[in-house]
Protein chains: 2
Amino acid sequence: MEFTEAKNKFVQTWGALGSQWGINKTMAQIHALLMVSNEPLSMEDIMEELQISRGNASMNIRALIDWGIVYKEFKHGERREFFTAEKDLDELAIKIAKERSKREIKPALKVLKEVSADVDTKTTEGKYFAEQTDKLYEFVLKTDNIIEKATEYKDNWLTKLLMKMMK
Amino acid sequence: MEFTEAKNKFVQTWGALGSQWGINKTMAQIHALLMVSNEPLSMEDIMEELQISRGNASMNIRALIDWGIVYKEFKHGERREFFTAEKDLDELAIKIAKERSKREIKPALKVLKEVSADVDTKTTEGKYFAEQTDKLYEFVLKTDNIIEKATEYKDNWLTKLLMKMMK
DNA sequence: ATAAACTTTCATATATTTTTGAAAGTTTAA
DNA sequence: TTAAACTTTCAAAAATATATGAAAGTTTAT
């Protein structure tokens with residue numbers, strides 16, 4: 001397979017998969033493109049490669065930078081900005097996990113705690129509701145903690161051992 | 001807070017969070033509703049509670065059943081079907097993990113393997129591409145395996161120990 | 001076998017999300 | 001300071017995903 005063909009296939013598929021993960025298609029495609037790029041790309045390069053508008057490119061590059069998985073790069077003697085992806089996959093996984101925890105798990109915890117604590121438990125229904133939401137709260141919290149710990153200690157011996165055991 | 005108010009808040013928020021996770025709003029809401037419901041609900045109940053159409057209710061209940069996290073229930077002497085949610089949270093997490101692995105990770109692995117193996121590596125670009133996609137493949141595979149093992153052994157002593165260590 | 005009671009399907013309508021592109025904003029070299 | 005070279009913003013347009021509801025399908029009691 002030609003390089004261009006393979007790259008295209010990869011970028012397109014990654015975009016489609018991104019949609020399922022609640023990440024927009026273009027954002028996933030830009031990230032895919034930068035992941036397999038030898039060298040930094042300019043915004044023009046990205047627009048050209050993906051056939052997207054300037055605004056779209058700008059917004060999604062910015063989002064990737066906010067996630068901390070794409071970096072701006074300055075080339076000597078060049079006015080334009082260039083972009084590269086975080087290529088250390090452990091680092092990438094950690095940043096994605098943290099961002100999703102912040103955006104999706106923390107708000108869930110907040111609501112669960114609120115409704116569980118505030119609901120009127122005089123009725124049977126209310127009691128059951130409080131019980132269920134409390135259990136959910138504890139479970140989600142535990143899960144979030146495990147993710148946090150796993151990302152925190154990714155390099156230490158313990159985790160390496162666990163990884164080995166689990167493989 | 002009144003039970004009805006708390007329930008509403010929970011169901012609405014869960015729906016909104018579901019969207020971010022790539023799960024449609026109604027599906028998340030139905031699941032939320034069943035999670036905090038004392039007893040099985042009929043399709044009518046669900047339609048009424050969420051103010052949605054019959055078709056919408058039917059499609060999303062079916063999707064939840066396909067995921068294996070909602071069950072049909074038959075009440076003695078009742079013609080209608082009733083529905084309940086899987087309320088064992090470990091079981092719920094496992095089913096969700098398996099379903100997402102099947103739908104989202106496996107296809108990613110497939111593409112990564114394909115493009116990594118098939119790309120023409122005569123050029124520098126091609127070489128780099130093959131290298132990067134291969135690394136990604138290995139990483140995603142490893143992650144998927146960890147999830148698989150973690151769900152498989154959820155009840156045994158080793159996992160319990162790990163959970164404790166990680167808490 | 002029939003009809004009542006229910007569920008599913010799917011073409012169309014609605015709602016939501018994403019993309020565009022022109023205008024506004026910013027930066028830098030001279 | 002200025003103007004060229006670039007980036008960002010945002011209202012409107014396009015694309016995508018979701019919801020509706022009437023018709024078709026299924027099941028069950030008689």
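Chain letters run A, B, ... following the sequence lines, proteins first, then strands; residues in each count from 1. Values below: every heavy atom of this structure, side chains too, minus hydrogens, waters and symmetry copies.
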Shortest side-chain distance from [X], nucleotide among [options]:
X: B:Lys72; options: D:dT8, C:dT8, C:dT19; value: C:dT8
X: B:Met43; options: D:dT20, C:dT8, D:dT16; value: C:dT8
X: A:Met59; options: C:dT9, D:dA19, D:dC10; value: D:dC10
X: B:Arg54; options: D:dT7, C:dT8, D:dT20; value: C:dT8
X: A:Ser53; options: D:dT20, C:dT20, D:dA19; value: C:dT20
X: B:Arg62; options: C:dT20, C:dT18, C:dT9; value: C:dT9

Using a cut-off of strictly less than 4.0 Å, decide whether [X] has a side-chain nitrogen or oxygen near OP1 or OP2 of [N].
X: A:Ser58; N: D:dT9; result: no
X: A:Asn24; N: C:dT19; result: yes
X: B:Thr26; N: D:dT18; result: no

Heavy-atom nearest pair, A:Asn60 first then A:Met27, reads OD1-CB, 3.5 Å
Using whole Å, what does the distance between atom [atom2] of nucleotide [N] and atom [atom1] of [X] come to?
X: A:Ile61; N: D:dT7; atom1: CD1; atom2: C1'; value: 10 Å
X: A:Ile52; N: C:dT18; atom1: CD1; atom2: P; value: 14 Å
X: B:Met47; N: C:dT8; atom1: CE; atom2: C1'; value: 13 Å
X: B:Asn56; N: C:dT14; atom1: CG; atom2: C1'; value: 12 Å
X: A:Glu81; N: C:dT26; atom1: CD; atom2: P; value: 14 Å
X: A:Asp45; N: D:dT7; atom1: CG; atom2: P; value: 11 Å
X: A:Ile23; N: C:dT18; atom1: CD1; atom2: P; value: 11 Å
X: B:Met27; N: D:dA19; atom1: CE; atom2: P; value: 12 Å

I'd like to know if the side chain of A:Ser37 reaches the main chain of A:Pro40, judged simply by a donor and an acceptor atom lying under 3.5 Å from each other, with no hydrogens or angles considered. no
Under 3.5 Å, is there a donor-acceptor pair between the side chain of A:Gln132 and the main chain of B:Met35? yes
State whether A:Arg103 and A:Glu99 are salt-bridged, where the test is any N-O pair (Lys NZ or Arg NE/NH1/NH2 against Asp/Glu carboxylate O) under 4.0 Å. yes
Assign each of B:Gln51 and A:Arg80 the nucleotide of DNA chain D bearing its closest heavy atom; nearer the 5' end lies the nucleotide of A:Arg80
Does the pair B:Asp45 and B:Ser42 meet the rule for a side chain to side chain donor-acceptor pair (under 3.5 Å), with working shown? CA-CA 5 Å; B:Asp45 294 337; B:Ser42 70; 3.2 Å; yes
